[in-house]
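Reading through the structure tokens given below for one structure.
In what follows, chains are A, B, ... by sequence order, proteins preceding strands, each numbered from 1.
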Amino acid sequence: MHDVVRTRFAPSPTGRMHVGNLRTALYEYLIARSLGGSFVLRIEDTDQERQVESAIDIIYDTLRAVGLKHDEGPDIGGPYGPYIQSERLPLYRQYADQLLESGQAYRCFCTRERLESLKEDANKHFTAYDRHCRHLDQQTVQNLLDSKKPYVIRQKMPIDGSTTFDDAVYGSITVDNRELEDQILIKSDGYPTYNYANVIDDHLMNITHVVRGSEYLSSTPKYNLLYEAFGWEVPTYVHLPLILGKDGQKLSKRHGSTSFADLVQEGYLPEAIVNAIALLGWCPKENRELFTLDELCQFFSIDRISKSPSIFDFDKLDWFNASYLRSMESTSFLALISPILDEVFDGAAPLKPLLAELLQPRVVRLTDIPHMIHFLRNRQSADLSLYDHKKAKSSRMLAGEILPELKERLSGLTEWTRESIHDCLTRFAEDRALKTGQVMWPLRISLSGQAVTPGGAVEIALLLGQQEVLARLSEDIEHLSQNVTEEDMP
RNA sequence: GGCCCUAUGGUCAAGCGGUCAAGACGCCGCCCUCUCACGGCGGAAACAGGAGUUCGAUUCUCCUUAGGGUCACCA
């Protein structure tokens with residue numbers, strides 16, 4: 001038995017970091033960390049046709065952004081390198097030869113065309129390879145080899161019997177061997193298939209827990225047979241339930257932003273994303289939902305991983321994101337949104353601490369900010385109907401009546417602070433025997449031109465500054481006087 | 001279609017033979033309140049169906065149904 005737990009994240013560099021992949025990486029990390037083991041990064045680039053430029057950087061960047069630090073990997077090395085499969089080619093070849101010699105694998109010279117026609121013939125029925133080359137005699141093989149005919153190496157699967165393996169989450173699973181195809185180990189370009197390289201590397205790298213999505217469940221018996229053929233110890237399998245989209249299908253681009261980078265760009269915090277996906281398919285013993293990565297390491301356990309697939313819920317992600325935003329130190333929040341604020345104001349935004357204070361309890365996604373505060377920069381004239389508000393006992397009539405005097409009073413203020421503005425407004429309400437809301441509502445509407453704003457009349461007035469407040473009021477008073485007609489009279 | 005897996009509110013999910021079947025998101029209502037939000041309180045909302053096993057099934061077994069996965073010289 002291995003006594004040191006080792007898990008690996010083995011993505012193929014094909015472009016994006018899908019949330020499903022990220023969750024797999026997260027669980028691999030959590031299993032390793034919670035058990036005091038190591039987490040290694042391995043790049044599975046055995047598909048020469050699907051290589052994507054800079055995809056490896058996306059992997060590094062994502063892992064760094066979410067705080068999943070690997071202990072070994074292509075960039076930092078380690079005792080089991082190389083960690084990029086394309087650099088391990090001789091290894092795969094060597095072990096394949098071993099299988100060839102022991103008669104557990106064979107060369108297959110079948111052309112793709114023949115394989116294709118095989119599939120057409122079989123059509124809806126079992127479409128596995130017909131094992132045509134499995135029984136070629138040595139002389140024939142030698143001739144084909146001499147004539148440089150390309151070939152792949154296939155593993156000989158047992159014809160009958162069954163294969164059973166144990167999964168840490170799904171339990172014991174048995175499959176009839178006749179369901180298993182003589183799978184390709186080495187492709188004709190000399191590269192190993194994932195199915196094969198994966199087993200070789202996991203063994204050579206001493207991986208104790210093979211963690212992956214449950215889409216691999218059905219090919220696991222084949223891996224088991226491979227371990228058996230080599231006489232190697234089978235690792236602990238941990239298959240993870242799939243993450244589905246809103247429509248119940250496997251999550252994909254169709255469902256919108258499903259890569260980590262997409263989500264970050266849409267204004268979600270990496271911590272919130274991690275927290276959200278950690279709870280998709282795993283549930284802590286304690287009834288609780290907010291966890292930092294360190295806390296997850298502390299509480300995670302394989303036996304609480306669930307078997308049923310789960311749907312990725314963007315509403316819940318919103319909630320996580322909002323929760324993280326709200327629980328931040330106000331100074332951190334300010335630092336976080338400062339660049340966004342500056343951008344909205346084309347330079348240094350004014351009163352940033354106040355803006356941050358107003359925004360922190362209201363923002364769900366960072367990308368919401370620009371349109372929430374846009375009105376501060378651009379005066380938009382209020383739709384008169386906005387003045388009519390039953391609950392505040394406000395109306396366009398009332399607005400037309402009080403705004404001029406309100407403007408007078410505000411212009412008389414020699415000090416422009418929260419207190420001074422607030423006092424001025426409440427005193428005005430008292431003097432005119434009005435409810436507070438009857439003053440606050442029209443003023444806020446006049447200054448913002450919108451029904452909903454971050455902060456109330458006082459805060460908005462403060463943010464706008466005395467001069468702008470008076471300017472906006474003048475404009476609106478004008479507008480009101482021209483448009484409030486006889487019909488509006490009670 | 002074969003094989004494999006899964007099945008508690010709309011979603012995430014607790015439960016591991018005896019519960020009035022947690023909690024969270026979302027939704028609705030109320031309170032707080034210068035709008036909204038935050039916060040507080042409350043509400044509607046679930047064991048897919050059928051056979052067994054058992055004194056007793058959400059829980060164990062089988063079948064049905066539904067959903068998903070997989071059947072590549074992709075991972």
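Side-chain N/O atoms of A:Thr46 include one lying less than 4.0 angstrom from OP1 or OP2 on B:A75. At B:G15, one or more side-chain N or O atoms of A:Arg304 fall inside 4.0 Å of OP1 or OP2 (strictly under the cut-off). Under 4.0 angstrom from either OP1 or OP2 of B:G67 there lies no side-chain N or O belonging to A:Lys250. Listed pair A:Lys187 / B:C74 meets the phosphate criterion, a side-chain N or O lying under 4.0 Å from OP1 or OP2. Phosphate contact (OP1/OP2 of B:C5, side-chain N/O of A:Lys307, threshold under 4.0 Å): absent. Taking side-chain N and O atoms only, A:Arg326 has a distance below 4.0 Å to OP1 or OP2 of B:G39.
Distance noted for atom P between B:A72 and B:C16: 43 Å (whole Å). Taking the C1' atoms as reference points, B:G1 lies 36 Å from B:A57, given to the whole Å. Across the C1' atoms, B:C55 and B:G67 are found 36 Å apart, a figure rounded to whole Å. The gap from the C1' atom of B:A22 to that of B:U65 amounts to 29 Å, rounded to the nearest Å. B:G9 and B:A14 are spaced 14 Å apart, taking the C1' atom of each and rounding to whole Å. Rounded to whole Å, the P atom of B:C25 lies 30 Å from the corresponding atom of B:U6. The separation of B:C71 from B:C62, taken at their P atoms, amounts to 27 Å, rounded to a whole angstrom. B:A48 and B:A7 are spaced 7 Å apart, taking the C1' atom of each and rounding to whole Å.
Here the side chain of A:Arg112 is nearest to one of B:C34, B:C73, B:G69, namely B:C73. The side chain of A:His422 sits closest to B:C34 out of B:A75, B:C34, B:G68. Residue A:Pro361 places its side chain closer to B:A37 than to any other of B:A37, B:C73, B:C36. Comparing atom distances between the A:Gln249 side chain and each of B:U70, B:U35, B:G67 picks out B:G67 as nearest. Closest approach to the A:Arg154 side chain among B:U70, B:U35, B:C73 is made by B:C73 (side chain taken as heavy atoms from C-beta onward). Between B:C73, B:A75, B:G68, one nucleotide has an atom nearer to the side chain of A:Tyr194 than all others, and that is B:A75. Relative to the side chain of A:Thr193, the nucleotides B:A75, B:G68, B:U33 differ in distance, and B:A75 lies closest. In the set B:A72, B:G2, B:A75, B:A75 carries the atom at the smallest distance from any side-chain atom of A:Ser12. The listed nucleotides are B:C73, B:G23, B:C34; the one nearest the side chain of A:Asn287 is B:G23.
Distance A:Tyr170 OH to B:C4 P: 15 Å, rounded to the nearest Å. To the nearest angstrom, C1' of B:A72 lies 15 Å from CG of A:Leu180. A:Ile243 has its CD1 atom 13 Å from the P atom of B:G69, to the nearest Å. Rounded to an integer number of Å, the gap from A:Phe375 CZ to B:U35 P is 15 Å. Distance CG (A:Leu242) to P (B:A7): 14 Å, rounded to an integer number of Å. Protein atom CD of A:Glu459 is 11 Å distant from nucleotide atom C1' of B:U35, rounded to whole Å.
No hydrogens or angles considered: a donor-acceptor pair under 3.5 Å links the side chains of A:Asp383 and A:Ser385. Between the side chains of A:Asp201 and A:Tyr92, a donor-acceptor pair is found at a separation under 3.5 Å.
The residue among A:Arg362 and A:Ser218 whose nearest nucleotide of RNA chain B lies closer to the 5′ end is A:Arg362. Residue A:Glu215 is the one, among A:Glu215 and A:Ile184, whose nearest nucleotide of RNA chain B lies closer to the 5' end (criterion: closest heavy atom).
When each of A:Leu341, A:Asp368, A:Leu334 is checked for a side-chain contact (heavy atoms from CB on, under 4.5 Å) with A:Leu359, only A:Leu341 meets the rule. Partner of A:Arg472 under the side-chain contact (heavy atoms from CB on, under 4.5 Å) criterion, out of A:Leu447, A:Ile460, A:Ile477: A:Leu447 alone.
As the counterpart of B:U35, no nucleotide is assigned, since no Watson-Crick or G-U wobble pattern has both distances under 3.5 Å. Across the strands present, B:U61 finds its partner in B:A51; the criterion is a Watson-Crick or G-U wobble pair with both atom distances under 3.5 angstrom. Under the Watson-Crick or G-U wobble criterion, with both distances below 3.5 Å, B:G42 is paired with B:C28. When both distances must be under 3.5 Å, the Watson-Crick or G-U wobble mate of B:G2 is B:U70. Base-pair partner of B:G23: B:C12 (Watson-Crick or G-U wobble, both distances under 3.5 Å).
At a threshold of 4.0 angstrom between heavy atoms, the contacts of A:Phe320 with the nucleic acid are absent.
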Under 3.5 Å between N/O atoms: give me all the protein pairs with nucleotides 9-13 of chain B, atom names plus distance.
from: B:C12; atom 1: OP1; to: A:Ile311; atom 2: N; distance (Å): 3.0
from: B:C12; atom 1: O2'; to: A:Leu279; atom 2: O; distance (Å): 3.3
from: B:A13; atom 1: OP1; to: A:Gly281; atom 2: N; distance (Å): 2.6

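The base of B:C36 lies outside donor-acceptor range of the side chain of A:Thr453, with no N or O pair under 3.5 Å.
Checked by atom type and distance alone, the side chain of A:Glu87 never pairs as donor or acceptor with a backbone atom of A:Ile84 at under 3.5 Å. A distance-only check finds a donor-acceptor pair linking the side chain of A:Asp247 to the backbone of A:Gln249 [under 3.5 Å].
Ring-centre distance between A:Phe300 and A:Tyr27: below the 6.0 Å cut-off.
The aromatic rings of A:Tyr237 and A:Phe165 lie perpendicular to each other, with more than 60° between the two planes, well past the 30° mark.
A:Val40 has its side chain out of reach of A:His70: every pair of non-hydrogen atoms, C-beta onward, lies at least 4.5 Å apart.
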**OP:** Kindly indicate, with the supporting measurements, whether the criterion side chain to side chain donor-acceptor pair (under 3.5 Å) is fulfilled by A:Tyr223 and A:Asn198.
**Re:** CA-CA 9 Å; A:Tyr223 307 146; A:Asn198 172 260; 5.1 Å; no
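For NZ of A:Lys393, the number of neighbouring non-hydrogen atoms (other residues, nucleotides, ligands) closer than 6.0 Å is 12 at most.
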